[in-house]
Student: 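The structure's right below; bear with me while I get my questions together.
A note on names: the letters A, B, ... follow the listed sequences, proteins ahead of strands, and every chain is numbered from 1.
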Protein chains: 2
Amino acid sequence: MSETPAAPARMTRQRAAVAEVLGDTDEFRSAQQLHELLRSRGDSVGLATVYRTLQALADGGEVDVLRAEDGESLYRRCARREHHHHLVCRSCGRTVEIDGPTVEAWATQVGATHGFDDIEHTIELWGTCATCRERV
Amino acid sequence: MSETPAAPARMTRQRAAVAEVLGDTDEFRSAQQLHELLRSRGDSVGLATVYRTLQALADGGEVDVLRAEDGESLYRRCARREHHHHLVCRSCGRTVEIDGPTVEAWATQVGATHGFDDIEHTIELWGTCATCRERV
DNA sequence: ACGTGTCATGAGAACCATTCTCAGTTGAAC
DNA sequence: GTTCAACTGAGAATGGTTCTCATGACACGT
Ligand SMILES: [Mn+2]
Ligand SMILES: [Mn+2]
Ligand SMILES: [Zn+2]
Ligand SMILES: [Zn+2]
């Protein structure tokens with residue numbers, strides 16, 4: 001019944017660097033983007049380690065993960081740890097965190113109505129943010 | 001302004017076979033599952049052709065595509081061509097088509113409120129169907 | 001400060017769904 | 001029947017992600 005099931009175990013330069021770059025960005029970013037960001041900062045971290053660290057953070061609920069339309073996973077440290085959804089800019093990753101009490105209720109009820117158990121829902125909104133719309 | 005932008009062009013044994021197997025199943029199925037189903041029927045079709053045909057059907061709005069949690073694409077010929085969502089059994093693919101007028105309005109409005117254009121939404125519900133719950 | 005055991009790292013290989021290549025095949029129009 | 005663009009399929013290529021395993025380095029006890 002723990003919120004954070006797997007403790008991160010041992011702190012390393014690499015894990016600190018990944019945590020820091022996540023703290024510095026507000027947009028959803030792919031593992032490869034984060035890897036490149038780290039390299040360009042001088043805090044070079046192996047790609048495998050970036051993936052491992054992101055996965056651990058995701059398991060612990062520290063970062064949210066979503067799938068871009070091309071299937072790539074995108075990661076972001078959100079402001080709140082509570083369940084929420086996202087409105088994400090397709091071209092720059094800019095993100096707005098969304099609350100949907102209505103949708104939550106709707107999703108749960110629809111599942112129950114049809115006799116399904118262990119209902120989960122995927123709700124993500126994609127669009128083009130105002131800034132990206134400018135630079136046609 | 002055409003509903004079906006790219007006409008399927010030329011009819012072949014392979015395309016007919018893919019269409020038929022899609023018509024016979026009510027569950028979301030992966031390309032590889034469909035490929036194997038075709039092989040087991042004797043209507044063998046190359047895997048590349050299965051993928052190409054599914055993509056063409058998806059482009060024409062004849063089949064719906066969604067991504068399983070592991071990233072695999074799943075295909076299904078739905079009863080209606082109009083926009084709708086799905087409640088899908090994680091273990092067998094059994095599907096209920098869902099209408100959500102409320103959710104539609106909500107999604108559109110959230111996007112607009114934050115100044116995003118070209119809003120699209122992904123809304124999928126996953127669960128365990130009554131039948132699959134039995135066979136623990 | 002050291003020694004020690006355990007966990008973490010990273011380069012590269014492996015994985016795997018999907019797409020691409022291209023030589024051979026075939027639908028369908030005339 | 002001829003013709004040719006469209007289609008097919010075996011296998012190679014792609015690309016994000018995971019795995020392998022030899023090497024490196026946290027953290028704890030001394
Ligand atoms: Mn929700
Ligand atoms: Mn909708
Ligand atoms: Zn943007
Ligand atoms: Zn089921």
Student: Side chains of B:Arg76 and B:Asp26, heavy atoms from C-beta outward: is any pair under 4.5 Å?
Tutor: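 Yes, side chains in contact.
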Student: Test your reading of the model: is there a side-chain donor-acceptor pair from B:Arg77 to the backbone of B:Ala19, 3.5 Å cut-off?
Tutor: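 Indeed, once roles are kept as given, a pair shorter than 3.5 Å links the two residues.
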Student: Provide, to the nearest angstrom, the distance between the CG atom belonging to B:Leu54 and the P atom belonging to D:dG9.
Tutor: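 Going from CG in B:Leu54 over to P in D:dG9 covers 13 Å.
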Student: Rounded to the nearest angstrom, tell me the gap between atom CG in A:Leu47 and atom P in C:dA11.
Tutor: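 Nearest whole value for this atom pair: 10 Å.
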Student: Go through the structure and list residues passing side chain to side chain contact (heavy atoms under 4.5 Å, CB included) with A:Arg29, not counting sequence neighbours.
Tutor: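 A:Thr25, A:Glu27, A:Gln33, A:Leu34.
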Student: Is there a donor-acceptor contact under 3.5 Å from the side chain of A:His35 to the main chain of A:Gly46?
Tutor: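 No: the side chain of A:His35 does not pair with the backbone of A:Gly46.
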Student: In whole Å, I'd like the distance from the CZ atom of B:Arg13 to the C1' atom of D:dC7.
Tutor: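 Result: 12 Å.
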Student: Is a side-chain donor or acceptor of A:Thr95 paired with a backbone partner of A:Gly93 at a separation under 3.5 angstrom?
Tutor: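 Yes; at least one donor-acceptor contact below 3.5 Å.
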Student: Measure the distance from CD on A:Gln14 to C1' on C:dA11 and round it to the nearest whole Å.
Tutor: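 Roughly 14 Å, once rounded to whole Å.
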Student: Rounded to whole angstroms, how far apart are CZ on A:Arg67 and C1' on C:dT18?
Tutor: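 Rounded to whole Å, this separation is 14 Å.
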Student: Should we count CZ of B:Arg41 as having more than 12 external heavy atoms under 6.0 Å?
Tutor: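 Count over threshold, so yes.
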Student: Transitively linked via ILVMFWY side-chain contacts under 4.5 Å: B:Ile119 with A:Ile123?
Tutor: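 Shared cluster, yes.
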Student: For A:Gln32, run the side chain to side chain contact (heavy atoms under 4.5 Å, CB included) check against A:Val50, A:Leu37, A:Leu47 and tell me which one passes.
Tutor: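 Per the side chain to side chain contact (heavy atoms under 4.5 Å, CB included) rule, the option paired with A:Gln32 is A:Leu47, out of A:Val50, A:Leu37, A:Leu47.
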Student: Mind checking B:Arg52 for me? I need base, sugar-phosphate or nothing, with any heavy atom below 4.0 Å counting as a touch.
Tutor: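 Here B:Arg52 touches the bases of the nucleic acid.
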Student: At a heavy-atom distance below 4.0 Å, what parts of residues 68-75 of chain B sit against DNA chain C?
Tutor: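 Within residues 68-75 of chain B, the residues near DNA chain C are B:Glu72, B:Ser73.
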Student: All N/O contacts under 3.5 Å from nucleotides 27-30 of chain D to the protein, with atom names and distances to one decimal?
Tutor:
none

Student: Are there over 12 heavy-atom neighbours, none belonging to A:Arg13, within less than 6.0 Å of that residue's CZ?
Tutor: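 Check passes, neighbour count above 12.
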Student: Among A:Val103, A:Thr108, A:Thr102, find the residue that satisfies the side chain to side chain contact (heavy atoms under 4.5 Å, CB included) test when tested with A:Trp106.
Tutor: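 Among A:Val103, A:Thr108, A:Thr102, the one meeting side chain to side chain contact (heavy atoms under 4.5 Å, CB included) with A:Trp106 is A:Val103.
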Student: Could you list all the ring-ring contact (aromatic ring centres under 6.0 Å, His included) pairs where at least one residue sits in residues 62-92 of chain B, not counting sequence neighbours?
Tutor: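 For residues 62-92 of chain B, and leaving out neighbouring residues, the ring-ring contact (aromatic ring centres under 6.0 Å, His included) pairs sorted by first residue read B:Phe28-B:His86, B:His83-B:His85, B:His83-B:His121, B:His84-B:His86, B:His85-B:His121.
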Student: Counting just side-chain N and O atoms, does B:Tyr51 come under 4.0 Å of either OP1 or OP2 of C:dT18?
Tutor: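 So the side chain of B:Tyr51 is within the cut-off, an N or O lying under 4.0 Å from OP1 or OP2 of C:dT18.
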Student: Can you measure from CD (B:Glu120) to CZ (A:Arg90) and round to the nearest 0.5 angstrom?
Tutor: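 That separation rounds to 4.5 Å.
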Student: If you take any heavy atom closer than 4.0 Å to DNA chain D, which residues from residues 19-45 of chain B end up in contact?
Tutor: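 Nucleic-acid contacts, sorted: B:Val45.
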Student: Are B:Asp64 and B:Glu97 packed together at the side-chain level, in the sense that at least one heavy-atom pair is separated by less than 4.5 angstrom?
Tutor: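 Not touching, per the 4.5 Å side-chain cut-off.
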Student: Would you work out how much the helix from C:dA1-D:dT30 to C:dC30-D:dG1 bends between its ends, with each end axis defined by five base pairs, to 10 degrees?
Tutor: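 Taking five pairs per end, the axes differ by 30°.
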